[in-house]
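Notes to accompany the following structure.
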Amino acid sequence: DDFSHIYVFNLRGFVRGRSGDSAKKEGGNVFNIMTGVAITILIKDPQHSAPAELYYHDTGEYLSREDKLNIIRKAFSIKGLTWNHIQPNEAGDWISQRSEGYEQFMPLGDKQDSKALFNMYSMGVLTSRDAWAYNQSRQDLSDNMQDMIDVSNEDSAKYAQAC
């Protein structure tokens with residue numbers, strides 16, 4: 001509802017947990033990571049009153065990282081690509097990933113449904129210090145923790161001297 005045109009440029013590259021031909025089809029990743037990459041451009045046009053128009057471009061299968069970067073260079077802008085206009089189904093799905101039996105699954109959690117698997121809700125692990133307490137790199141996390149410990153010890157020493 002917020003946008004008038006949505007462009008999704010799928011650069012693929014999702015190889016995590018895949019092997020063989022399945023991984024080769026995804027091709028090289030433009031960022032040398034194992035997670036797929038897509039560029040999404042969201043356009044707001046105040047003159048547009050209809051539902052958002054959705055466009056999709058897939059780079060294709062078996063392309064190297066350099067092939068994909070060349071496609072980006074050659075296109076130069078969204079006007080340089082051929083876009084497929086996509087019409088979402090009634091459920092809002094546009095890549096047909098929903099199973100027809102989805103609605104029959106037992107809900108994991110629903111405060112109004114007594115048949116749901118879970119009936120308790122909580123915030124889970126909440127540190128309010130996620131930037132300090134979580135990190136993808138074990139070494140960076142260790143360094144962050146050591147910095148916090150050092151600052152705490154310095155402040156404790158200053159407090160002890162002041163008393």
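All values derive from a computational prediction rather than experimental measurement.
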- prompt: Just how far is it from atom CD1 of I78 to atom CZ of F9, taken to the nearest 0.5 Å?
  reply: 11.5 Å
field: Note: E26-R16 ion pair, threshold 4.0 Å (strictly below)
entry: no
task: Determine, using the 4.5 Å side-chain heavy-atom cutoff (strictly less than), whether F14 and I33 are members of one ILVMFWY cluster.
output: no
task: For residues N84 and D58, determine if any side-chain heavy atom of one lies less than 4.5 Å from a side-chain heavy atom of the other.
output: no
The single option from W94, Y55, W83 passing side-chain contact (heavy atoms from CB on, under 4.5 Å) against V8: W94
- prompt: Is it the case that more than 12 heavy atoms not belonging to R138 sit under 6.0 Å from its CZ atom?
  reply: no
task: Establish whether V37 and M34 are linked, either directly or via other cluster members, by ILVMFWY side-chain heavy-atom contacts under 4.5 Å.
output: no
- request: Ignoring hydrogens and angles, tell me if any N or O in the side chain of D143 forms a donor-acceptor pair with the backbone of D140 under 3.5 Å.
  value: no
Where P88 and I86 come nearest, the two heavy atoms and their spacing: CD-O, 3.5 Å
message: Counting C-beta onward and ignoring hydrogens, is there a side-chain heavy-atom pair between E53 and H48 closer than 4.5 Å?
response: yes
Common cluster, L54/I39, ILVMFWY with side-chain heavy-atom separation under 4.5 Å: no
Check: N29 side chain, T35 main-chain N or O, donor-acceptor pair, under 3.5 Å: yes
query: Is a side-chain N or O of K25 found less than 3.5 angstrom from the main chain of E61, in a donor-acceptor match?
result: no
query: Between K24 and R18, does a side-chain contact (heavy atoms from CB on, under 4.5 Å) hold up when you go through it step by step?
result: CA-CA 9 Å; K24 290 177 186 175; R18 295 183 179 189; over 6 Å; no
statement: Interatomic distance, OG@S77 vs CD1@I41, rounded to 0.5 Å, equals 8.5 Å
message: Just verifying a value: how many Å separate K74 NZ and L81 CG, rounded to the nearest 0.5 Å?
response: 10.0 Å
- prompt: Salt-bridged, K44 to D2, with N to O below 4.0 Å?
  reply: no
- request: Kindly compute the distance separating CZ (R65) from CG (L69), expressed to the nearest 0.5 Å.
  value: 5.0 Å
message: Given 3.5 Å as the limit, does a donor-acceptor pair link the side chain of N70 with the main chain of E66, or not?
response: yes
task: Determine yes or no for a side-chain-to-main-chain donor-acceptor pair under 3.5 angstrom, with H57 supplying the side chain and T59 the backbone.
output: no
field: Where at least one partner belongs to residues 154-163, residue pairs that pass side chain to side chain donor-acceptor pair (under 3.5 Å), sequence neighbours excluded
entry: none
Common cluster, M106/L108, ILVMFWY with side-chain heavy-atom separation under 4.5 Å: yes
query: Is it the case that more than 12 heavy atoms not belonging to F31 sit under 6.0 Å from its CZ atom?
result: no
message: Once side-chain contact (heavy atoms from CB on, under 4.5 Å) is applied, do any residues pair with L42, and if so which ones, sequence neighbours excluded?
response: F3, I6, T40
Stepwise side-chain hydrogen bond (donor to acceptor under 3.5 Å, both in side chains) test for Y62 and D21: CA-CA 9 Å; Y62 302 103; D21 195 53; 2.8 Å; yes
